[in-house]
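Throughout, a chain's letter reflects where its sequence line sits, starting with A, and its residues are numbered from 1.
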Amino acid sequence: MRDRYEPGEFEEKWRQRWRDADLFKTREEEGRPKLYALEFFPYPSGAGLSVGHCRNYVPTDVLARLKYMQGYNVLHPMGFDAFGLPAENEALKHKRHPGPMVQEYGENYRRQMDLVGIGYDWSRCFFSSDPSYYRWTQWIFKLLYRKGLAYHKLAEVNWCPKDKTALANEEVVGGLCERCGTPVERKAIPQWFFKITDYAQRLLDDLEDLDWPEGIKAMQRQWIGRSEGVQFRMEWTLLEGDRSVDQPRARESDPDLESLMAEVRAEGEPNADAESLRKADGFAQRLGAIAGDAISAEELHGAGKEIARLGEGLEIRRTAPPSFEVYTTRIDTLFGVTFCVVAPEHPMLKEVLPGVGPAIAASVREYQAAAGRLSDAARSDEGREKTGVFSGAYAIHPISGRTVPIWVADYVLMGYGTGAVMAVPGHDQRDFEFAQKFGLPIVPVIAPPGEGGLDLVAESHSAGKAYSSSDGVLVNSGVFSHRTVAQAQNDLADWFEANEIGSRKVVFRMRDWLISRQRFWGCPIPVVYDAEGGLELVPDDQLPVLLPDVPHYEPGEDASSPLASIPDFVNVTTQDGRLGRRETDTLGGFACSSWYFLRFCDPHNDEKPWSPERVAEWMPVDCYVGGAEHAVMHLLYARFWTKVLYDSGLVPVKEPFQRLMNQGQVLGYTPYRNATDKESLDVGETGVLVTPEEAANLPESEVTWRWVRMSKSKGNVVTPDEAIAEYGADALRLHELFVAPFDADVEWKNDGMQGSARFLSRVFRLVAEGWREEASDSPRADEEAWIEVAQRAYHRCLKKTTDDIERFAFNTAVAAQMTLLNTLSEQWANRGSLSTNGIERWREVLKGFVVMLAPMAPFSADELWEAMGEEGYTYHQEWPTVDERLAAATTVTIAVQVNGKLRDTIEMDAASDRAEIESAALVLPRILEHTQGKEIRRIIVVPGRLVNVVV
RNA sequence: GCCGGGGUGGCGGAAUGGUAGACGCGGCGGUCUCAAACACCGUUGGGCCAAAACCCGUGCGGGUUCGAGUCCCGCCCCCGGCACCA
């Protein structure tokens, strides 16, 4: 019998046997509990797997194997996220077609996963680029469309000039393409969107009950970005001066205006011809010149409208004074408003500008143009100083009637809220900075409660900080003064609603999900347009809309999909036989990965995307394992689709992934050299990446080694192939499990696997010796007690192993195996001589040990199992049950403390009661030493644990 | 700035408010060997010391408790995410 771990001698044999026996085929037997274990849908990269990837595959496999042995029906499938930009870019680089390429890469992944011994049911494998799969992706797209959740519109989108496609908001990080780091441009193209915003509240609320890492939930909450506030209307005017809402506004008349308007009226009916436009322009200029004088805002505005009507044939609808909407979450600071700010793109500016003086109008137009030229990245640059210009108009405070200037500044974003804010520099940092830069007044209206509260606010201001805390009471706020922030928020919201000037409003930061991509390698969108631009869905019986089989698929220069230049694909007839044109954009890869977990339940169904019974059987995923980098995108999209499918009665669950686990990253030791004078480094880079060979040839002072995430581009990858060739699959598996807690990052060192290999060798030896042992005629007298020590150690270990695997504490589960081995080895060394029965019972313990080891080190376990004379596979063994009587300790070490300091320990029967423990403790010499001559005040006894004598 | 997670020997890390440092790596001493490697045995938080005993010790400062790595308050530092979102 083998007495060392020699993986090269037996691993391949078991791989073969497992494959031949179809060992990991999903069991779907009635009456068993189920476990659906799943890892994130991988894109199979050409570089293959690294030991870093194994850090989620191995632990999930251990859990799946344990659950199977415990009698669960286990679904543990694997497939490949083959559509999308990474695959297409890789294929372009190698001048290959992405189809066969991903197929080949996927097969390599599969080979490697088998090498590591991951127990997948490969009969369920699919690629998201399989027509039999994407047919149903298209089917779900249609469902979304019919439910009004997919829409097509011209939109200014994030455009990556390198990848030549539009990107979702989630794919833009700090103004750069998340994938290639190219600055994103704005571009107006017709796009498909999914209306995920309709589900914002539910996506937020349902996070509550998910067993997910806090950090991921927090990131999703932040991305959804719910805020509660008040949106209200503010009137604006071109004239400065106080207005009381209670007084009718004074009407002044102006002779210049009267004569101007007489001329305008004389022009007669509205007309859009060039001559009228020219005249209207002239009138508008004259009106602007008058605006500086004392005329009423209403009149001025009315006149502006009249002139506009003349030029553009517009109807005059507005009779109320002009106004704009603002949104705030701090309505309690309303009395601290000293100006307003609108985004440069705000539509009200079109109405304001004709009424203001030419100098102001010009400066606003110039500012708008400058803002338009700025990239998003530049606009949101950190620490950028505030910029802005006065618009020429004034907002009228809804309560005080006072006018405050309206500024135009790009720190207000058109895409959020109303694109206009009431600025409260006293209590908002951004407004504070703006006010300081442009010399606008700062009025404190919130003060911490108590004497001198206002001084604290003043202190904060002189330190350059707005007082933004909501802990305080209102001051300088008319009748609302002295109320707390919370009260005032409520009262003011009530006031706005009662006066019908505004109302409470919930705003989400999340936008709709942009899903179309102007690229070839993706799921075609099943839509046809007719000549009039009308849109129809491709009928179900014509799905899938297949990607054409073409040799060239390079993206176009002009924001059009490569599919657009393939006439056979584009030109179709509509349902009623007219000429039609296919949609040529494809779906972004995230669409494909938003439902694959449902398809795994029923992967070969060609009538439906899945059978409801199969999905009801398996969903939700009980344990979903992957990296934290998908915190927002994939996990949010998949949740959204699941909810839509739930609402349509197609799946019985509201949430796809009940429990989510993020594995830690594996870091490789990576050399960087100092940059030369001529080289410039990107932000965050502190050196130039070099290969280890290059590093070896450089002077030591030139090279810095750092731990960075393993990736092919960094050249710091260790593949499972290499690791297994040297140490074997089980040593790799054990090391992955043992090296650190599951969610901690790991600095990878190959020789760490040596320890695991040593452990396995010792197991082999212990088993071999146990089977070699021969019975003695005169066995040791206390054989019963001797064997019980082993049995107790075994059951304690079994209990811990089972618990630890379930709670993803694999490192301590492995430690428990090592502890058991240590105990058994020691016991074995002291075996003396044993009877036949004694040896038999010893071997039973070893069999249990091997079965318990099987999920973590399956190759060795099966090899040992066979060597022990057993048939079949450890995978088919029942997971042993813990004998609680044996798992419980008989004797315990009781700590004896005096005043909380440990002074001695005593061995006692585990069943000893308080009185026994106490009396045993008090007579210990070392305790007496510390208690003599002192008064014993109290004695705390924790049975099975400790005694604390308080003197 | 906001949010999340952390800070324990030389290192990775264990520890339902109850003996801090399980388990492993590394180190040290030894056995085997001509020798090395492998393997095996012993030892390994710091101080003091021949040893025992004792003292110190879980980022820092307070607190609660018979007892705090663990709970509470106030800080510091590290990692990750978000960031002009009104």
Side-chain angles (χ1 to χ4, degrees), chain A residues 4 173-174 213-223 225-227 229 231 326-331 333 340-341 343 379-384 386 409-413 415-424 427-431 433-434 465 468 507-511 628-629 631-632 662 665 734-735 738-741 743-747 749 751-752 754-756 758-759 761-762 765 800 809 811-822 825 829 892-906 926 929 937-942 944-951:
Chain A
R4 275 172 44 195
V173 179
E214 262 326 298
I216 303 287
K217 288 200 204 182
M219 281 156 79
Q220 293 217 345
R221 286 195 192 101
Q222 174 160 272
W223 184 262
R226 183 184 197 273
S227 75
Q231 182 170 326
V326 298
Y327 173 75
T328 179
T329 56
R330 288 299 301 273
I331 196 63
T333 62
C340 286
V341 185
R379 189 163 160 172
S380 62
D381 213 12
E382 195 183 349
R384 180 169 161 253
K386 298 267 180 299
D410 65 7
Y411 82 88
V412 171
L413 310 171
Y416 183 80
T418 62
V421 302
M422 59 175 227
V424 185
H427 303 284
D428 180 283
Q429 188 59 29
R430 299 153 297 188
D431 299 341
E433 286 165 19
F434 194 80
K465 293 243 187 298
S468 51
V507 168
F508 293 96
R509 198 148 78 188
M510 183 169 68
R511 311 290 154 76
E629 68 277 6
V632 174
N662 295 129
Q665 296 178 27
L734 284 177
H735 184 61
F738 181 66
V739 66
D743 55 2
D745 289 352
V746 172
E747 296 172 354
K749 300 181 192 89
D751 48 14
Q754 187 60 50
S756 301
R758 193 176 302 146
F759 162 75
S761 271
R762 290 178 61 204
R765 202 177 72 212
K800 182 157 178 57
N811 57 332
T812 52
V814 175
Q817 310 303 300
M818 292 172 166
T819 307
L820 175 61
L821 175 71
N822 290 345
S825 297
V892 287
T893 312
I894 306 247
V896 185
Q897 304 178 329
V898 177
N899 283 352
K901 272 185 195 277
L902 181 74
R903 294 302 174 184
D904 205 351
T905 58
I906 30 171
R926 266 187 248 156
E929 243 172 70
R937 290 214 181 145
R938 202 172 149 189
I939 299 174
I940 289 117
V941 181
V942 183
R945 282 284 181 185
L946 61 65
V947 183
N948 188 10
V949 183
V950 187
V951 298

Where the side chain of [X] is concerned, which of [options] is the nearest nucleotide?
{"X": "Ile940(A)", "options": "C66(B), A14(B), A39(B)", "result": "C66(B)"}
{"X": "Arg384(A)", "options": "C84(B), G4(B), U16(B)", "result": "C84(B)"}
{"X": "Thr329(A)", "options": "C66(B), G4(B), A86(B)", "result": "A86(B)"}
{"X": "Thr812(A)", "options": "A39(B), A22(B), A86(B)", "result": "A22(B)"}
{"X": "Gln222(A)", "options": "C2(B), G18(B), C84(B)", "result": "C2(B)"}
{"X": "Val942(A)", "options": "G12(B), G4(B), G18(B)", "result": "G18(B)"}
{"X": "Asn822(A)", "options": "G24(B), G4(B), A22(B)", "result": "G24(B)"}
{"X": "Met818(A)", "options": "G18(B), C23(B), A86(B)", "result": "C23(B)"}
{"X": "Asn948(A)", "options": "U19(B), A22(B), G67(B)", "result": "G67(B)"}
{"X": "Arg765(A)", "options": "C54(B), A86(B), A39(B)", "result": "A39(B)"}

Quick one: look up who [N] pairs with, Watson-Crick or G-U, both distances under 3.5 Å, and put none if it's unpaired.
{"N": "C40(B)", "value": "G30(B)"}
{"N": "U16(B)", "value": "none"}
{"N": "G61(B)", "value": "C73(B)"}
{"N": "G1(B)", "value": "C82(B)"}

- In whole angstrom, give me the gap between the C1' atoms of A15(B) and A22(B).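 Taking atom C1' in both A15(B) and A22(B), they lie 8 Å apart.
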- Distance test, side-chain N/O of Asn811(A) to OP1/OP2 of G12(B), below 4.0 Å: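 Answer is no, no contact under 4.0 Å.
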- Query: Looking at C84(B), does its base get a donor-acceptor pair with the side chain of Lys386(A) below 3.5 Å?
  - Reply: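 Result: at least one qualifying N/O pair found.
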- Item | Parallel, tilted or perpendicular: ring planes of Phe434(A) versus Tyr411(A), cut at 30 and 60 degrees |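 Tilted, since the angle between the ring planes falls between 30° and 60°.
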- Query: For atom CZ of Arg4(A), is the number of surrounding heavy atoms from other residues, nucleotides or ligands below 6.0 Å larger than 12?
  - Reply: no
- Message: Applying a 4.0 Å non-hydrogen cut-off, can you work out what Val412(A) is touching in the nucleic acid: base, sugar-phosphate, or nothing?
- Response: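 Result for Val412(A) = base.
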- Task: Mind telling me if G9(B) is syn or anti? Syn here is a glycosidic angle within 90° of 0.
- Result: syn
- Task: With RNA chain B as reference, determine whether Asp431(A) or Leu902(A) sits nearer its 5' end, using the nearest nucleotide of each.
- Result: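 Its nearest nucleotide lies further toward 5', so the answer is Leu902(A).
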